[in-house]
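Here's the structure we're looking at; comments come further down.
We count residues from 1, following the sequence as given. Hydrogens, waters and symmetry mates are skipped; everything else that's a heavy atom, side chains included, is used. Keep in mind it's a predicted model, so treat the numbers as computed, not measured.
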Amino acid sequence: MSVDRTNVRSVSVVGEAAGTQLCFDDPVLDHPDDVPLRETTFVVVDLETTGGSPMGDRITEIGAVKVRGGEVLGDFATLVDPQRGIPPHIVRLTGITEAMVYQAPTIDQVLPAFLEFARDAVIVAHNARFDTGFLRAAATELGHPWPFRRVLCTVKLARRVLTRDEAPTVKLSALADLFAVQTRPTHRALDDARATVEVMHRLFERVGNLGIHTFGDLRNFLPGVSRATRNKRGLADHLPSEPGVYMFRGPSDEVLYVGTATDLRRRVRSYFTGSENRTRVREMVELATRVDHVQCAHRIEAGVRELRLLGAYAPPYNRRSKFPHLGWWICLTEEAFPRLKISRTPTATSVGPFRSRATAYDVADLIADTCGLRTCRTALRATALHVCEVGPGGRRVVGGCHAATTEPLAAEAYLPRARTVAELFSGRSDLPVQLALDKLESLARAELFENAARLRDRLDHLIAHLERCQRLAALARISEMVAAAPDGRGGWDLAVIRHGRLASAGVAARGVPPMPVVAALAAGAETVLPEPGPLYGAPHEEVALVYRWLTGPGVRIVCATSGFSLPRHGGGRHVHWRDKVGTARRTITLEGDLG
């Protein structure tokens, strides 16, 4: 059953001359998972490290073997300087000493070469989570994308293929003995990778008799899945091999789960195979009675539709983004003596959203303290005076009002404080941030480190939310923008964005003039009426999703009613400070782990 499409419209030009709507995976071409195992390229990798945690330890050696059809295509082997000490027990295990890696290349020199060596291959490792965890952590730290979506763990394969009687343990050394491989594992990367290659081939011989001939078959084989679940694969038969959103429905027609896919049929069928190992999702599949779908023009439309459906149905088996409209905002009240309040609904002068109400209160307290904004809740008229006195020595009493003064305060004397807050939220001034940074430095010089740490954390949250809110507000401020992203086949994915919301989506295939398609999309786009608040009423997760797409590689702005600009004194001005804070925290955590 297909669900009626609402809110976001898609336009595609049909016919040979005009082109056709495009999807991300061309159904005419074979999917990599459908290639026979004998024609699939595998890169079997093994690492030696300084310890067991990708967060605190580092790689000391990489060994990899590229194979296809039983033939070795190449080797990759190098020591890596971890730029830290190697624990004695690791030296005893691997034989790799600090002297051996002293003049070895560092991971930033080695990793690009390995990524190129393994490009487009299936990554194989014995306990793949360990090896890929270290490689992924290094790639993330160095700013490299992680390109490997196909990973095979020979530990999982061995546990699936071999009985407990035949293999009480599936350690690499035990499997090497069982299969009598030629290369013995030695806890050195290349030797262990070569041993894993032989073990993998022996395991492939076992599964070949079970009708498993492609990597897709192999992935579905791991781990086992019940017959009842496999029998539900027919729920995906009516789905197209196109991008879109799918919805699993339960016995009472309730929506259980919502997801997106570039190939709806392939993605939904994967839920009924052994490749799905999430306990909650398996439970959801057992309850499902049918799968609905909404076909979309491209990825950004599918993502937006997913968010809107999550907000509409709040499916019980989705863990994230079930309530895209919710969040806590710090709002400046509209009264004679304005103060800050925490609200679910943003006002014209507000910042957020915060996931935690407690965090929002902490940040609001920091702003009120720095700007001298009142925290008392006394209702005051414009002709009244604010009377919250300070304690002995001119100091604010514990838990007292941040606007406490020695003399009563009139509205005209108080309002500049509120204007400072409004300018902070809009990015016209970052004076409160500068004052907080100065105070932080003073606390550190006075060796009041606990107080400094609390202020640092509050300031970190303030700058982060200012930067994000101001960045998304800059997009939401634009009445209409049309953008185009290359689809990878010479055509364009098109989107009409109004006040931060996706109003229309479509495609212009290769050879199709895109501007007539743009005109049709804009003419039929959803009308978006701006509402109060920094994001003009748009859900913050939708604006963030659209922003990430707009800033992706190759995306072009076709036309816009106004330019995109960030405030000069906004939170983005202090992102470098947040980067330093994050680096310091990681260093402290690492030193604590090593200690």
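- With no hydrogens or angles considered, no side-chain donor-acceptor pair links His574 and Arg578 at under 3.5 Å.
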| Which is it for Ile478 and Phe564 under the side chain to side chain contact (heavy atoms under 4.5 Å, CB included) test, yes or no, and what are the steps along the way? | CA-CA 7 Å; Ile478 301 174; Phe564 178 88; 4.1 Å; yes

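- Using a 4.0 Å cut-off between charged nitrogen and carboxylate oxygen, Arg269 and Asp237 count as a salt-bridge pair.
- In this structure, Arg344 is positioned above the aromatic face of Trp328, its NZ or CZ under 6.0 Å from the six-membered ring centre and within 45° of the axis.
- Under a cutoff of 6.0 Å and an axis angle of 45°, Lys66 and Phe117 form a cation-pi pair.
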Please tabulate, for side-chain N and O atoms in residues 132-139, each donor-acceptor pair with protein atoms closer than 3.5 Å (sequence neighbours left out).
unit_1: Thr132; atom_1: OG1; unit_2: Ala128; atom_2: O; d: 2.6

| message | Checking Val45 against Phe114 for the side chain to side chain contact (heavy atoms under 4.5 Å, CB included) test, could you report, in this order, the C-alpha distance in whole Å, the side-chain angles of both residues, the deciding distance, and whether it holds? | response | CA-CA 10 Å; Val45 63; Phe114 173 78; 4.0 Å; yes

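- In this structure, Trp146 has its ring center under 6.0 Å from that of Phe148.
- Considering only heavy atoms from C-beta on, Phe272 comes within 4.5 Å of Leu235 through its side chain.
- Counting only N and O atoms by type, the side chains of Thr41 and Arg68 include a donor and acceptor under 3.5 Å apart.
- Annotation: Tyr313 is not in aromatic contact with Tyr257 [ring centroid separation under 6.0 Å not met].
- Using a 4.0 Å cut-off between charged side-chain N and carboxylate O, Asp493 and Arg299 make no salt bridge.
- Side-chain N/O atoms of Glu423 and Ser426 include no donor and acceptor closer than 3.5 Å.
- Salt bridge present: Arg290 and Asp292 bring a charged side-chain N and a carboxylate O closer than 4.0 Å.
- Cation-pi geometry between Arg150 and Phe215 is met: under 6.0 angstrom from the ring centre, within 45 degrees of the axis.
- In this structure the side chain of Pro251 reaches within 4.5 angstrom of the side chain of Glu254, judged on heavy atoms.
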| field | Verdict with supporting geometry, Glu283 and Tyr317, side-chain hydrogen bond (donor to acceptor under 3.5 Å, both in side chains) | value | CA-CA 9 Å; Glu283 178 184 312; Tyr317 288 93; 2.6 Å; yes

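- Residues Val43 and Val122 have side chains not in contact (no heavy-atom distance under 4.5 Å, counting atoms from C-beta outward).
- Under a 4.0 Å N-O distance rule, the pair Glu542/Arg308 qualifies as a salt bridge.
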